[in-house]
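Take a look at the structure below.
All ligand and atom numbering here is 1-based and tracks the order in the structure. What you are looking at is a predicted structure, and each value in this text was computed from that prediction instead of being measured.
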Amino acid sequence: MRRVRGAGDCRRHHFWWMSPDTRTAPPSTTDASRPRTAIVTGASSGVGLWATKALVQRGWHVIMAVRDTAKAEREATRIGIDLARTTRLHVDLGSLASVRRFVDAFRASGHALDALVCNAAVYLPRLTEPQRSPDGYEISVATNHFGHFVLMTALLPDLERGRDPRLVTLGTVTANSEEFGGRIPIPAPADLGDLAGLEAGFRAPVAMIDGKPFKPGKAYKDSKLCNMITSRELHRRYHASTGIVFATLYPGCVADTALFRDTPPLFRTIFPWFQKHITKGYVTQQLSGERVAQVVADAEFATQSGVHWSWGNRQTPGAKPFAQKLSAKAENQARGERLWELTERLVAVG
Ligand code: NAP
């Protein structure tokens, strides 16, 4: 892979919102015989748990970045993952201080880093009032976007030293208005507006990125749109200078994961059935994990950076991955740059 060191080289870019200790990566081993290592956030459940299994089966070591390490061990054991091929490290992505502590703990573990998988997320569609992170930010955006933003940018220097390094983020169809699933108006499509809520500081009473009244389901979609924009912005800023491949993916509708734990019980019964039999969008947790592992580890996904991978919305046996076009909302470079700048500012004061 071509590597050009330039002005965007992340080792020379001082992320000023980091504490001094988390700015500098220790040297990592280039020993080609060591197993490749991935950090997977939210590896205690659903897509992240099964992605961990698929990576371990490919010979990788997985750092399970989780908020409940005992649960991660239990769940990994339940589905037959060899715990010796994993390390469990605590992180609460909703807390900026916790993310910074995680980076320090990862560095102290002495592992190299070949892939970072930003997978964890909360979806809280039944909130009537915004829930706040310890830093005072609306919890979906704080967890899904801000926490991952700090993690990604802090770990770029470590990743850059990895073998065939990749940074893979879970996107979703419901945040891509280029696709039918992204135009569903319940409660509203993802839309960051003119970023007025972030411009205003994003603390109470502000709860939405566009500065409009709180809609919890939309807050989730907005946070996932931020994930996809951030991946493209990382590609634009750092791919040429670091060689890191940046990608997002939609693994299919994994309708029976705990992501839907806060939806009404009737929804949790009907939704998987509807996705299996009506939309045909349903994907098992195992297949979703396998798809994540492919994007992380397989050679065919290293040939392009800045791509959003999909296997389509109606699942067919043998479906092939393709680069799914994203909406203008995700591809607008000026919007991406401004989202990056405002996020930098907000995670620095958090
Ligand atoms: P899930 O089973 O609920 O998994 C979410 C994971 O995130 C869990 O491990 C959870 O930890 C973790 N998490 C939540 N808050 C956290 C925090 N503050 N700090 C650290 N970890 C935290 O949901 P999933 O369906 O597998 O979702 C995984 C990803 O796939 C998400 O990014 C989602 O947007 C994306 N996705 C899912 C679907 C789908 O249909 N399910 C479709 C497209 C994209 P606990 O185990 O402790 O709860």
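Stacking of Arg237 on the aromatic ring of Trp340 is recorded, both the 6.0 Å distance cut-off and the 45° axial limit being met.
The heavy atom nearest to atom 35 (C) of ligand 1, considering only Thr41, Leu170, Thr174, is found in Leu170. Comparing Gly48, Ala120, Ala65 against atom 22 (C) of ligand 1, the shortest heavy-atom distance belongs to Ala120. Of the candidates Cys118, Ser45, Cys253, it is Ser45 that places a heavy atom closest to atom 4 (O) of ligand 1. Among Asn119, Asn144, Leu49, Val47, the residue whose heavy atom lies closest to atom 29 (C) of ligand 1 is Asn119. Of all the listed residues (Tyr220, Tyr123, Tyr250), Tyr220 holds the heavy atom that lies closest to atom 34 (O) of ligand 1. Within the set Val91, Leu259, Val99, the minimum heavy-atom distance to atom 37 (C) of ligand 1 is found for Leu259.
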*Please assess Val295 against Arg166 for the test side-chain contact (heavy atoms from CB on, under 4.5 Å), listing each intermediate value before the final yes or no.*
CA-CA 9 Å; Val295 179; Arg166 303 188 201 177; 5.9 Å; no
_Worked verdict on Thr37 versus Val62 for side-chain contact (heavy atoms from CB on, under 4.5 Å)_ = CA-CA 6 Å; Thr37 301; Val62 176; over 6 Å; no
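Residue-ligand proximity, Gly171 to ligand 1, at heavy-atom distances under 4.0 Å covers atoms 43 (C), 44 (C). Shown in contact with Gly94 at under 4.0 Å from a heavy atom are these atoms of ligand 1, numbered in order with element: 18 (N). Using a 4.0 Å cut-off to heavy atoms of Gly46, the atoms of ligand 1 that qualify are 2 (O), 26 (O). Atoms of ligand 1 lying under 4.0 Å from any heavy atom of Val122, numbered from 1 in the order shown and given with element: 14 (C), 15 (N). Of all the atoms in ligand 1, the ones that sit under 4.0 Å from a non-hydrogen atom of Lys71 are 45 (P), 46 (O), 48 (O).
With Thr303 contributing its side chain and Ala299 its backbone, the two residues share no donor-acceptor pair below 3.5 Å. Arg236 contributes no side-chain N or O that, together with a main-chain N or O of Ser231, makes up a donor-acceptor pair within less than 3.5 Å.
Closest to atom 42 (C) of ligand 1 among all protein heavy atoms lies Gly252 O, 3.5 Å. Of the protein's non-hydrogen atoms, Leu93 N, 3.6 Å is the one closest to atom 17 (C) of ligand 1. Counting only heavy atoms of the protein, atom 25 (O) of ligand 1 lies nearest to Thr257 OG1, 2.6 Å.
Ring to ring, Trp309 and Phe301 are close: their centroids are under 6.0 angstrom apart.
The number of heavy atoms from other shown groups lying within 6.0 Å of CD (Glu331) is above 12. Enclosure of atom CD1 in Ile186 is not indicated, since only 12 or fewer non-hydrogen atoms of other residues, nucleotides or ligands lie within 6.0 angstrom.
The closest approach between Ser288 and ligand 1 stays at or above 4.0 Å for every heavy atom of the residue. The shell of residues lying under 4.0 angstrom from ligand 1, judged by heavy atoms, includes Arg261.
Between Lys218 and Asp210 there is a salt bridge, since at least one side-chain N of the basic residue sits less than 4.0 Å from a carboxylate O of the acidic one.
Hydrophobic clustering (ILVMFWY, side-chain heavy atoms < 4.5 Å, transitive): Ile244 and Val292 are in distinct clusters.
Looking at ligand 1, you'll find an N or O of Asp92 within less than 3.5 Å of one of its N or O atoms.
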